[in-house]
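Notes follow the structure.
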Amino acid sequence: MTASPSDTIPLPPVDSPAPGTAAELEARSVSAWFGDHKVLDRVSLTMPAGRVTALIGPSGCGKSTFLRILNRMHELIPSAALAGEVLLGGQDIYAPERRLTDARKQIGMVFQKPNPFPAMSVYENVTAGLKLTGVRLGRDAKDELVEHCLTKAGLWNEVRDRLRQPGGALSGGQQQRLCIARSLAVSPRVLLMDEPCSALDPTSTRRVEETIKELAGEVTVVIVTHNMQQAARVSDRCAFFLAEQGTPGGIVEHGITSAMFTNPADPRTADYVNGRFG
Amino acid sequence: MDSSRALYADPGLPDRIFRGVARGGGGLVLAVMLLVGGFLLYRAWPAIDRARWSFLTTEAWEPDAGNFGIAAVMVGTILIALVAIVVAVPLALCGALYISEYARPGIRATLISVVDLMAAVPSVVYGLWGLFFFEGAILPTARWIATYLGWFPPLGVVGVDPTDPLSTETVYTSSTFIAGIVVGFMVAPIICSVMREVFSQAPAGEREGAYALGATRWGMIRTVVLPFGKGGMIGGTMLGLGRALGETIAVYLIISPVFVIQWHVIQSGTSSVSSLIALRYGEASPFGMSALMAAGLALFVVTLIVNFAASSIAARSRSGAASDA
């Protein structure tokens with residue numbers, strides 16, 4: 001017997017928008033602890049869809065912790081705890097009915113140290129996320145995706161002839177762009193970057209920054225950086241984190257990047273962006 | 001004139017002393033190894049000289065009648081070791097993955113010490129446990145295997161119909177299968193220890209990279225931990241195989257020796273080189289002793305080969321190396 005249209009049960013409507021479209025990310029009173037030590041105190045920040053938001057501030061002010069809370073990497077550390085909400089397109093990623101893996105798939109991350117899978121080829125590195133999230137694609141679709149993601153990450157021209165070589169054999173800057181391509185392959189709606197250029201030389205840094213600018217619009221980018229010039233170059237909005245002696249970190253000031261650099265409201269921001277401390 | 005200078009750096013007295021001690025220690029290990037091999041060869045020579053190539057092909061062990069060889073005992077040794085590895089490796093792999101990836105810190109610490117303790121239990125204890133408890137407990141399983149998987153010749157039994165409910169179970173006792181399982185339980189903790197050690201060294205950066213793509217824990221293990229730990233898995237397995245090949249007392253207690261090649265692992269009766277030596281050593285004539293030495297030499301060579309293979313495989317894998325150069 002063949003199934004007639006009346007036999008089939010329609011799938012429930014999908015309420016979340018199609019993957020791959022930039023979404024707004026909003027943190028609401030996020031606090032974080034490592035054991036008894038509180039490192040973030042009620043941080044609220046809205047990262048607008050399709051824009052680049054930079055998190056700046058001196059070392060140890062909690063900006064990396066904040067970034068890791070945005071895609072649930074914080075909880076990988078055994079003693080870590082947190083409070084507050086993180087809303088992706090209006091939905092709390094920490095809600096009990098949300099799947100952890102789903103949140104991380106939609107909110108990708110690029111780390112400080114390039115971490116490609118060294119035993120896999122360049123090609124396999126890019127498609128690793130598909131395999132890990134159970135997405136099956138035909139060969140042609142895969143080839144197309146690999147080219148698309150590597151082009152987006154500004155790496156295609158350099159590796160098009162060595163897609164089968166191990167990802168670990170690339171230079172540091174190429175590895176980092178490979179990691180960006182790998183993150184893009186699962187069509188994230190937000191891309192978090194934790195000091196992505198701190199291990200790279202100036203040329204590679206420039207390539208990555210160009211990539212970031214090109215990505216804006218398609219994904220929401222949140223970037224942690226120690227480099228003020230980099231924040232000024234790549235970001236639309238900026239948030240200045242500070243942890244004063246013995247107190248947990250928090251946001252001192254946030255707003256449009258150009259305004260923050262030229263006309264900061266808080267004297268501490270002025271001191272920091274002008275390089276007087278940090 | 002442009003010629004390269006001779007470079008000389010005075011190492012200083014403490015450095016020179018330490019180098020001497022380290023070199024001496026390394027040399028001593030090598031010397032002991034060669035002495036053992038040389039001694040075995042020297043004592044085994046009369047027997048090898050008499051038996052020549054038939055030593056490798058004869059199944060019987062009657063040295064004083066001039067009819068002796070290691071065919072049966074070597075095959076028995078290898079089969080027992082193979083059964084042991086088949087039992088031990090999955091057990092050790094799952095144990096190691098659980099300890100390094102899933103267990104909570106409290107449980108992890110306890111399990112690590114329990115596994116290390118198990119590795120330290122003398123083999124005679126495993127042998128006694130196997131003889132007095134395990135053998136009785138495993139017989140129904142052995143019978144089940146012979147009944148339902150007996151169509152595969154090595155798992156069958158000869159001369160008995162396993163489907164006959166009145167047939168005796170003694171045909172399943174003292175077999176390669178039982179000895180192999182007991183040896184497998186014995187080597188599993190060592191294999192587990194080696195595997196756990198490499199798994200726990202899988203780079204945190206790569207783990208996080210996999211998680212950040214939306215991987216489940218098993219997905220992360222498959223992409224990062226297992227490829228990274230491949231060398232350790234192979235090395236640990238070979239280490240266990242080496243131990244299983246040489247295991248004496250646990251095997252000696254369980255098996256009933258026969259001197260024919262016994263392919264039927266489920267069936268009673270098998271033999272191994274080391275248990276042969278333990279069994280015949282007391283009553284051996286001088287020539288019989290030489291024959292036993294020859295058997296020992298053969299085992300020595302096989303274990304050496306296994307260990308060399310293990311270390312060369314382990315050295316070629318990237319265990320211990322992270323992605324950053």
Side-chain angles (χ1 to χ4, degrees), chain A residues 19 67-68 70-79 99-120 124-135 166-172 175-176 178-179 182-188 191-194 199, chain B residues 93 97-112 195-196 198-235 313-325:
Chain A
L67 192 76
R68 290 169 62 88
L70 297 180
N71 75 337
R72 301 194 63 168
M73 297 298 277
H74 180 63
E75 64 207 64
L76 288 176
I77 295 155
S79 65
R99 284 177 62 181
L100 171 66
T101 50
D102 189 51
R104 289 192 185 137
K105 187 186 167 188
Q106 298 198 34
I107 307 173
M109 190 163 192
V110 175
F111 297 81
Q112 188 169 357
K113 234 175 67 178
N115 56 357
F117 303 127
M120 292 186 190
E124 289 167 333
N125 260 286
V126 178
T127 57
L130 299 178
K131 212 170 126 195
L132 285 170
T133 51
V135 178
L170 300 178
S171 76
Q175 286 189 10
Q176 192 64 303
L178 179 58
C179 291
R182 181 176 73 182
S183 306
L184 294 175
V186 291
S187 318
L191 189 59
L192 309 178
M193 301 180 127
D194 189 358
Chain B
L93 181 62
L97 280 178
Y98 176 70
I99 292 173
S100 80
E101 305 301 321
Y102 289 93
R104 283 183 291 117
I107 297 177
R108 177 178 308 164
T110 317
L111 279 178
I112 289 176
M195 289 185 182
R196 173 184 60 74
V198 286
F199 290 160
S200 65
Q201 284 166 7
E206 283 168 44
R207 288 169 184 264
E208 290 195 335
Y211 279 136
L213 291 169
T216 57
R217 199 183 304 217
W218 170 234
M220 185 281 291
I221 290 172
R222 243 179 21 203
T223 345
V224 177
V225 178
L226 292 182
F228 178 83
K230 209 165 84 190
M233 284 158 67
I234 296 168
I313 292 171
R316 255 188 292 145
S317 88
R318 67 175 277 271
S319 284
S323 63
D324 55 314

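Here is the naming used below: chain letters follow the sequence lines, and residue numbers restart at 1 for every chain.
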Check whether A:R182 gets within reach of chain B through its side chain, its backbone, both or neither, counting any heavy atom under 4.5 Å.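 Both backbone and side chain.
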
Checking A:L100 against chain B: side chain, backbone, both or neither under 4.5 Å from a heavy atom?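 Contact with chain B involves no heavy atom of A:L100 at all.
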
Anything in residues 212-222 of chain B with a heavy-atom distance to chain A below 4.5 Å? Please list those residues in order.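 Expected list: B:A212, B:L213, B:G214, B:A215, B:T216, B:G219, B:M220, B:R222.
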
Where is the tightest heavy-atom contact between A:L178 and A:G167, given as atom of each residue plus distance?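 Heavy atoms of A:L178 and A:G167 come nearest at CD2-CA, 4.0 Å.
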
Kindly give the heavy-atom pair with the smallest separation between A:P116 and A:C179, and that separation in Å.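 Smallest interatomic distance, heavy atoms only, reads N-SG, 3.6 Å.
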
The criterion is salt bridge (charged side-chain N to carboxylate O under 4.0 Å, His left out); which residues satisfy it with A:R68, sequence neighbours excluded?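 With sequence neighbours excluded, A:R68 shows a salt bridge (charged side-chain N to carboxylate O under 4.0 Å, His left out) to B:E208, given in chain and number order.
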
Say you draw a straight line from OH of B:Y211 to CZ of A:R104; how long is it, rounded to the nearest 0.5 Å?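 One gets 7.0 Å once the value is rounded to the nearest 0.5 Å.
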
Quick one: pull up CG in A:L70 and CG in A:D194 and give me the separation to the nearest 0.5 Å.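 The distance works out to 11.0 Å.
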
Looking at chain B, which one of A:M109, A:M73, A:R72 has the largest number of heavy-atom pairs inside 4.5 Å, strictly under?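 Option with the top pair count is A:M73.
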
Check whether A:Q175 reaches the backbone of A:N115 with its side chain - one donor and one acceptor, N or O, closer than 3.5 Å.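 Pair absent, no side-chain N/O of A:Q175 close to backbone of A:N115.
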
If only atom types and distance count, is the side chain of A:N125 paired as donor or acceptor with the main-chain N or O of A:F117 below 3.5 Å?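 Indeed, once roles are kept as given, a pair shorter than 3.5 Å links the two residues.
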
